[in-house]
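Reviewing the structure listed below.
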Amino acid sequence: MRLILCSPMDMHLHLRDGNMLRAVAPLSAKNFSAAIVMPNLIPPVTSEQMAQSYKKRILEATKGEDFEPLMTLFFKSDYNYDFLKRVKEDIAAIKLYPAGITTNSQGGVENFSLEALAPTLEAMSELGIPLCVHGETSGFVMDREAEFIPIYERIAKRFPNLKIIMEHITTKAAVEALLRYENLYATITLHHLYITLDDVIGGLMRPHLFCKPVAKRPEDRMALRKVAFMAHDKVMFGSDSAPHPRSAKEAPGCAAGVFSAPVALPALAQLFEAADVLENLQKFVSDNAQKIYGLTPPAKKVKLIKKSWRVPDRYGNVVPMFAGEELGWRVDEDTAA
Ligand code: DOR
Ligand code: ZN
């Protein structure tokens, strides 16, 4: 059995910089035709020049592949209209992080009042720049996403023309909010479709499955699966693949992030096939995102074949999701691209 995906895209990806970028970017570039690249570097990507030079480094690291890095800026409340108008050519979206909520988000937003956010949001809305949001408060870890929903609602109501993407949603509550507002959309990761918190800490602790937002309950996973499996028009695939060196994951203070880029498409095919909805995968990994963002990625066919393979224990010094396990589908490297 085989499946050809046309221009699969990863709408939420961490590529890092330097050696890590050079190690992980080719793995995404091989399987995807484009990806929304997160700006949480140190320092974060906040200027036209930083976005352009980061894009250049990504293209350098992925030379030879048909792969378009779609750049983002790290949200600041005081970006002005003229700056955003200029930078619009170089970016696909702006990513908002609450201050300190996850990896390299220290310079994020502290004041979520509409007055504080309005200057940037107003300009984004007028210019048609989508807003991507890491939607968590600093409350109790299992409640953070649900507590953030009123903030989504406030922004969605006040800026009806602004496309707001709820990144890596993990809860039934977020799925319900998504469906209530026309201008809300969402990305869903591979790991949140596969696991619950039980897989992370229910037995021996599995640091390579620890991420933010943390995986939630079975009923939450079920709600995510429901909209992903039907490829609901408002949802798209965003891996949130977030590589950290093994030493930062297998440590007393474990960094948050699941590295899923090299296994994402095979594991999605396996999951969609098991649910008997394989025909919806194309929409989930590309068509919906093209419509939501209004973009056309490089034309690229990626062939998946139903043939089992053993996921490597590591890619360089990074441990992937499903390390050492068998997956029932694989990318046919001869015909990728
Ligand atoms: O688990 C995560 N890792 N969640 C995020 O939001 C950021 C990411 C990272 O950059 O490592
Ligand atoms: Zn992320």
Side-chain angles (χ1 to χ4, degrees), residues 7 9-17 21 24-25 28-29 32-62 65-98 102-105 107-109 117-135 155 159 161-168 183-187 236-242 286 288-298:
S7 303
M9 292 196 281
D10 183 345
M11 303 311 282
H12 183 134
L13 177 64
H14 296 270
L15 287 177
R16 315 302 193 205
D17 214 339
L21 168 67
V24 301
S28 285
F32 293 92
S33 76
I36 293 274
V37 180
M38 289 296 132
N40 61 332
L41 305 182
I42 307 173
V45 180
T46 51
S47 71
E48 206 179 353
Q49 193 268 330
M50 288 168 103
Q52 285 171 353
S53 64
Y54 187 29
K55 183 172 184 172
K56 239 195 233 158
R57 296 195 295 280
I58 297 169
L59 289 173
E60 182 66 28
T62 58
E65 297 288 351
D66 237 346
F67 175 74
E68 186 178 1
L70 301 162
M71 306 311 291
T72 60
L73 277 194
F74 189 95
F75 184 95
K76 293 273 178 200
S77 304
D78 58 356
Y79 286 143
N80 67 43
Y81 183 90
D82 291 337
F83 165 73
L84 290 176
K85 189 165 180 209
R86 249 194 350 262
V87 86
K88 182 175 150 61
E89 306 306 313
D90 296 300
I91 60 166
I94 295 180
K95 173 73 186 286
L96 185 158
Y97 288 94
T102 189
T103 310
N104 305 341
S105 61
V109 170
L117 302 174
T120 298
L121 293 184
E122 198 112 51
M124 288 173 67
S125 175
E126 272 175 50
L127 291 163
I129 302 172
L131 173 73
C132 301
V133 182
H134 183 119
I155 300 176
F159 299 99
N161 297 323
L162 179 67
K163 283 189 177 171
I164 303 162
I165 294 129
M166 307 166 78
E167 295 294 338
H168 44 53
N183 53 335
L184 289 183
Y185 303 89
T187 55
M236 50 198 159
F237 175 62
S239 69
D240 199 13
S241 179
S286 188
N288 286 356
Q290 293 189 39
K291 285 193 197 124
I292 293 168
Y293 273 85
L295 52 83
T296 309

CG/D17 to CZ/R57 distance, rounded to the nearest 0.5 angstrom?
4.0 Å

Do L96 and P98 have side chains that approach each other closer than 4.5 Å (heavy atoms only, starting at C-beta)?
yes

Note, T120 side chain near L84 side chain (heavy atom, < 4.5 Å)
yes

Please examine the side chains of F159 and L117, heavy atoms only from C-beta on, and report whether any two atoms are closer than 4.5 Å.
no

Beyond-backbone contact of M9 with Y293, side-chain heavy atoms, under 4.5 angstrom
no

State, yes or no, whether a side-chain contact exists between P39 and L73 at a heavy-atom distance under 4.5 Å.
no

Enter the distance from F75:CZ to K95:NZ here, rounded to the nearest 0.5 Å.
13.0 Å

Gap between atom SG of C132 and atom NE2 of H168 - 0.5 Å precision
9.5 Å

Is there a side chain to side chain contact (heavy atoms under 4.5 Å, CB included) between Y185 and N288 once you walk through the steps?
CA-CA 10 Å; Y185 303 89; N288 286 356; over 6 Å; no

Q290: partners by side chain to side chain donor-acceptor pair (under 3.5 Å), with sequence neighbours left out
S286

Between the side chain of N183 and the main-chain N/O of L162, is any donor-acceptor distance below 3.5 Å?
yes

Mind checking the CE-CD1 spacing from M124 to I94? Nearest 0.5 Å is all I need.
4.0 Å

State which residues pass side chain to side chain donor-acceptor pair (under 3.5 Å) with H14; sequence neighbours excluded, sorted by chain then number.
H12, N40, D240

Side chains of Y97 and M38 in contact at under 4.5 Å (non-hydrogen atoms):
yes

Where is the tightest heavy-atom contact between E68 and P297, given as atom of each residue plus distance?
OE1-CA, 4.4 Å

If the condition is side chain to side chain donor-acceptor pair (under 3.5 Å), which residues does D90 pass it with, not counting sequence neighbours?
Q52

Heavy-atom distance under 4.5 Å between the side chains of M71 and I58, does that happen here?
yes

Non-hydrogen side-chain atoms of I165 and M236 separated by less than 4.5 Å:
yes

With rounding to the nearest 0.5 Å, note down the distance linking CG in L70 to CG in D10.
10.5 Å

Would you say the rings of F32 and F67 are close, in the sense that their centroids are separated by under 6.0 Å?
no

Gap between atom CG of L13 and atom OG of S28 - 0.5 Å precision
4.0 Å

List the atom of L184, the atom of M166, and the distance in Å for their closest heavy-atom pair.
CD1-SD, 4.0 Å

Side chain to side chain donor-acceptor pair (under 3.5 Å) filter on T187, not counting sequence neighbours, yields E167

Among pairs that include at least one residue of residues 72-89, which meet side-chain hydrogen bond (donor to acceptor under 3.5 Å, both in side chains), considering only residues two or more places apart or in two chains?
E48-R86

Could I get the full list of salt bridge (Lys or Arg N to Asp or Glu O under 4.0 Å) partners for E122, not counting sequence neighbours?
none

